[in-house]
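I have placed the structure first, in the form of structure tokens, so that the comments after it can refer back to it.
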Protein chains: 2
Amino acid sequence: MPLADAGSAAPATRAVVSSAAVLDAALTLFATRGYHGTALSQIAEALGIRTPSLYNHMRSKQALLETIVSRTLDDVLADFHAAVRDVPDPAERLRRATRVYALRHATHRREALVVNRDATSLPEPELSRIRERRREHEQAIRAIIADGTRRGVFSVGDPALASFAILEMSVSIARWFREDGARTAEQVADEFAEFALRIVRHRP
Amino acid sequence: MPLADAGSAAPATRAVVSSAAVLDAALTLFATRGYHGTALSQIAEALGIRTPSLYNHMRSKQALLETIVSRTLDDVLADFHAAVRDVPDPAERLRRATRVYALRHATHRREALVVNRDATSLPEPELSRIRERRREHEQAIRAIIADGTRRGVFSVGDPALASFAILEMSVSIARWFREDGARTAEQVADEFAEFALRIVRHRP
DNA sequence: CCTACCGATCGGTAGG
DNA sequence: CCTACCGATCGGTAGG
């Protein structure tokens with residue numbers, strides 16, 4: 001039966017796929033080749049199905065990106081609020097906020113790469129809503145830094161610059177972190193939390 | 001003469017274009033919409049010419065990206081070496097290396113955005129050569145940090161983590177810096193150089 | 001610099 | 001889940 005297994009794209013058995021599986025395959029491919037650099041045919045091939053079958057599990061390619069970005073931003077904000085809840089001390093708040101953000105970028109690398117690379121490919125009004133959530137997070141970090149500076153436990157010229165630096169150095173973890181590398185995600189997250197406190201010149 | 005000015009794509013006079021102009025238009029569009037999100041027809045339209053005319057000034061779309069990325073990386077390395085030449089003190093070396101890198105990301109935002117977003121879209125063997133130059137820069141920063149740590153003027157657990165953090169927080173400047181913003185490129189660069197010294201816990 | 005044109009591939013639909 | 005197919009657009013070439 002040469003036709004039955006002619007090429008790796010033709011599976012021996014008929015594949016069964018879920019929305020979650022489509023999203024996961026899209027996540028991997030978008031993270032690797034970018035949203036515009038990924039064809040739906042590649043997502044289908046990764047799942048062992050034909051392109052039109054994808055439409056049983058999604059509305060459109062764009063909806064896939066929208067779901068990935070939107071969920072990720074919601075999770076980032078939820079992480080943040082859970083991490084700082086009932087923590088009044090600015091230094092401890094900043095440490096926990098940075099740790100959880102850094103940790104997420106080590107453990108959810110694909111999501112982070114897609115959000116950072118391709119979120120701007122979404123159309124309005126989704127794009128504005130996305131920008132608003134990122135802004136919300138940045139402002140929350142900035143507020144912690146401003147609070148600590150006001151109280152004299154931090155020393156920083158411009159809380160906005162410090163918050164950009166802290167957030168973006170953490171985002172970079174998604175670019176180089178390897179699960180089988182020398183340091184665990186937790187070790188990296190702790191170290192970056194320490195960097196954050198150093199940036200705002202917190203005296204331990 | 002309705003046909004002569006039907007639509008903004010039809011210029012009144014015949015446009016004359018140079019390789020530099022094509023590269024510049026590509027730079028702007030790649031930075032805004034990404035390499036795969038940009039069509040050659042958009043580059044042509046921005047220049048007021050037809051798509052096939054672009055081929056008088058370039059070899060291919062990919063060659064455009066290659067030129068942008070390659071030149072930018074060469075410039076980054078040249079900047080670095082010029083900045084630290086004849087500066088033996090690790091703290092001053094790190095300050096200057098960070099300042100010049102941060103400054104470049106404020107003044108060459110488009111280049112930085114394209115390199116960071118789309119360099120991986122290049123094929124081998126170009127991709128390896130690009131990675132090698134980025135690695136070279138990262139290793140040079142790491143060596144400064146390791147040197148300062150050895151001499152006891154820095155205190156950092158892992159020079160690699162610190163160098164990633166310093167470089168990547170600087171890269172982020174390209175994402176948010178505005179020429180008409182509250183701070184000049186030089187002010188931002190100085191502040192980020194200070195952040196770098198704080199990350200390695202240099203005592204001033 | 002242009003018009004005319006190419007094969008390939010894109011996201012998506014019809015219909016089963 | 002599939003095959004068959006769609007119009008649109010892609011990067012690029014021929015030839016002037």
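Below, chains carry the letters A, B, ... as their sequence lines are ordered, and counting in each starts from 1.
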A/S53 side-chain N/O to A/I49 backbone N/O, donor-acceptor pair under 3.5 Å:
no

Those residues at least two apart in sequence (or on a different chain) that pass ring-ring contact (aromatic ring centres under 6.0 Å, His included) with A/F195 are A/F192

Residues from residues 113-120 of chain A sitting under 4.0 Å of DNA chain C, heavy atoms only?
none

For a quick test of your reading: what N or O donor-acceptor pairs under 3.5 Å do the side chains of residues 166-179 of chain A make, sequence neighbours left out?
residue : atom : partner : partner atom : Å
A/E168  : OE1  : B/R175  : NH1          : 2.3
A/S170  : OG   : A/I166  : O            : 2.9
A/S172  : OG   : A/M169  : O            : 2.5
A/R175  : NH1  : B/E168  : OE1          : 2.3
A/W176  : NE1  : A/S172  : O            : 3.4
A/R178  : NH2  : A/R175  : O            : 3.4

Residues forming a side chain to side chain contact (heavy atoms under 4.5 Å, CB included) with B/S19, sequence neighbours excluded
B/H57

Output yes when at least one side-chain N/O atom of A/R50 is less than 4.0 Å from OP1 or OP2 of D/dC1, else no.
no

Who are the side chain to side chain donor-acceptor pair (under 3.5 Å) partners of A/D24, not counting sequence neighbours?
A/R110

Mind checking if B/T51 touches a base, just sugar-phosphate, or nothing, with heavy atoms under 4.0 Å?
nothing

Enumerate donor-acceptor pairs with a distance under 3.5 Å from any side-chain N or O in residues 138-147 of chain B to protein atoms, sequence neighbours excluded.
residue : atom : partner : partner atom : Å
B/E138  : OE1  : B/R142  : NH2          : 2.9
B/E138  : OE2  : B/R142  : NE           : 3.1
B/E138  : OE2  : B/R142  : NH2          : 3.3
B/E138  : OE2  : B/S163  : OG           : 2.3
B/D147  : OD1  : B/R150  : NH1          : 3.4
B/D147  : OD1  : B/R151  : NE           : 3.3
B/D147  : OD2  : B/R151  : NE           : 3.4
B/D147  : OD2  : B/R151  : NH2          : 3.1

A correct dot-bracket answer for DNA chain D, with pairs being Watson-Crick or G-U at under 3.5 Å, [ ] for crossing pairs and | for inter-strand pairs, is ||||||||||||||||

Sequence neighbours excluded, the answer for side chain to side chain contact (heavy atoms under 4.5 Å, CB included) partners of B/D74 is B/S70, B/R133

Donor-acceptor pairs under 3.5 angstrom involving side-chain atoms of residues 77-92 of chain A: please list them, not counting sequence neighbours.
residue : atom : partner : partner atom : Å
A/D79   : OD2  : A/R104  : NE           : 3.1
A/D89   : OD2  : A/E92   : N            : 3.0
A/E92   : OE2  : A/R96   : NE           : 2.9

Considering residues at least two apart in sequence or located in another chain, which fulfil the side chain to side chain contact (heavy atoms under 4.5 Å, CB included) criterion with B/R131?
B/T120, B/E124, B/L127

When you measure from every atom of DNA chain D, which of residues 55-66 of chain B have a heavy atom less than 4.0 Å away?
B/Y55, B/S60, B/K61

Taking distance alone, no hydrogens or angles, what donor-acceptor pairs closer than 3.5 Å link side-chain atoms of residues 30-37 of chain A to residues at least two apart or in another chain?
residue : atom : partner : partner atom : Å
A/T32   : OG1  : A/T28   : O            : 2.7
A/Y35   : OH   : A/Q62   : N            : 3.3
A/H36   : NE2  : A/S121  : OG           : 3.4

